[in-house]
There are 2 protein chains.
Amino acid sequence: MERKDVRHSEIHFPEGIKWTRQRKAVYEVLWEEKEPLTPVKLYNLVEQRTADGEYALSTIYRILSAFEEKGLVEKDASMEDGTLLYSLRRGNHTHYAVCLECHKRIALANCPFAHLSLEQETEDFTITNHKLELYGYCKECRDSGRLRRP
Amino acid sequence: MERKDVRHSEIHFPEGIKWTRQRKAVYEVLWEEKEPLTPVKLYNLVEQRTADGEYALSTIYRILSAFEEKGLVEKDASMEDGTLLYSLRRGNHTHYAVCLECHKRIALANCPFAHLSLEQETEDFTITNHKLELYGYCKECRDSGRLRRP
DNA sequence: GATGCAAATGCAATTCATTCGCATCTGAGA
DNA sequence: TCTCAGATGCGAATGAATTGCATTTGCATC
């Protein structure tokens, strides 16, 4: 069983939550991955990198809910097809460009709304947050010349 | 919320597609509704407004896929929870402000990226489309004073 | 208006993601 | 070390979406 080297000292497990073996494993995988993950992908990654026991998929779901409640992760859905994606809250605020061909998600360097204040008050609506996704084709798919909708 | 009277003569059923009773009913409901709808809500609305027979939910799904393929409807998912939403393609390009309390979706008057050309070419990525959602609280929920995350 | 057939529908069964109930286990405070 | 609220594993239940197949139906052609 291949086991990636992890420097645990780098990871700081936030307080105020019970850190079980399973929760640590999930947190570590999220810490290492830069892309948002579906619960099932996360489950596979956790299974694959740990030798110390089996995990139940339902536990992964419960852990993600708990993390979300504590504000440790951000849950959002791809606007493309609605699949749920989880990523660690790292303080920064990221948008993605999604390739319509290979479904790769590329993080944008910065948010086009960064200059707006976080809380925007208008007559009818108080904006607290926003989500943006760009769609198109990544360099590789564009150059491969085999696009589904050219 | 005003309920518009529909003159069927206003509706133009695009050509190049077989217009069955069921497809017309779905198209009409989509035509009348300003908000994007889930397949199930659409199913209920169609059942409710037609006296001429029963509909199968699977048919609604197949009709929506067919409409999407023909470019008649736009399918997207709420970034909030991933529920699939369908709306008629009316040529314009709409974003929504979503109330985190009552889940109402309010159409924005215009797109903040309207000044950008539709196809944006960059080094690594060719942008063909984008989706934006604003989150926060609508006037009614804000004033009701009973917000879940105040 | 009648006919033929490819395509659309209804129905039931199936798949897949997500949630839930409950018995057992365990992290972390006393 | 002991204790127990809360976390987990497992399997069953839910719910959305898809699929296979027998039947029906627009609509192009006569």
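Proteins get letters first, then strands, A, B, ... in listed order; numbering begins at 1 in each. Hydrogens, waters and symmetry mates are skipped; everything else that's a heavy atom, side chains included, is used.
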| message | Quick test of your reading of the model: are B:E35 and B:K104 salt-bridged, counting only N-O distances below 4.0 Å? | response |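 Answer for the salt bridge query: no.
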
| field | Pairing of B:R49 and B:E28 as salt bridge, 4.0 angstrom limit | value | yes

| field | Cationic tip of A:R62 above A:F67 ring, under 6.0 Å, 45° of axis | value |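 No, cation not above the ring by the 6.0 Å, 45° rule.
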
| said: Would A:R142 pass as a cation-pi partner of A:Y137, given that its NZ or CZ must be under 6.0 Å from the six-membered ring centre and within 45 degrees of the axis? | reply: no

| message | Need to verify one output field. Residue with the more 5' nearest nucleotide on DNA chain D, A:A56 or B:T83? | response |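 Closest to the 5' end, via its nearest nucleotide, is A:A56.
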
| With A:K34, which residues qualify under side-chain contact (heavy atoms from CB on, under 4.5 Å), at least two apart? |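 side-chain contact (heavy atoms from CB on, under 4.5 Å) check on A:K34 returns nothing, list empty.
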
| said: In the structure I gave you, are the side-chain heavy atoms of A:E54 and A:E47 within less than 4.5 Å of one another anywhere? | reply: yes

| query | Do B:T126 and A:K139 come close enough that some side-chain heavy atom pair is under 4.5 Å? | reply |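 No; the side chains remain at least 4.5 Å from each other.
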
| task | Could you check whether the rings of B:F113 and B:H130 sit parallel, tilted or perpendicular, using 30° and 60° as the cut-offs? | result |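 The arrangement is perpendicular - the two ring planes meet at more than 60°.
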
| task | Would you mind building the protein contact string for nucleotides 24-30 of chain C? One character per nucleotide, 5' to 3', B for base within reach (heavy atoms under 4.0 Å), S for sugar-phosphate only, - for untouched. | result | --BSS--

| salt bridge (charged side-chain N to carboxylate O under 4.0 Å, His left out) partners for A:R23, two or more places apart | none

| field | Interatomic distance where OH belongs to A:Y43 and P belongs to C:dC16 [whole Å] | value |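 Going from A:Y43 (OH) to C:dC16 (P), I get 15 Å.
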
| task | Figure out the NZ/P separation between A:K41 and C:dA17, and round it to whole Å. | result | 12 Å

| request: Give every residue pair that meets the side chain to side chain donor-acceptor pair (under 3.5 Å) criterion with at least one member in residues 70-79 of chain B, sequence neighbours excluded. | output: B:S78-B:D81

| task | Give me the residues of residues 57-68 of chain B where at least one heavy atom lies under 4.0 Å from an atom of DNA chain C, by number, or none. | result |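 DNA chain C contact set from residues 57-68 of chain B: B:S58, B:T59, B:R62, B:I63.
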
| request: Walk along DNA chain D from 5' to 3' and tell me the first and last nucleotide with an atom closer than 4.0 Å to a non-hydrogen atom of chain B. | output: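 Span of nucleotides near chain B: D:dA16 to D:dC27.
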
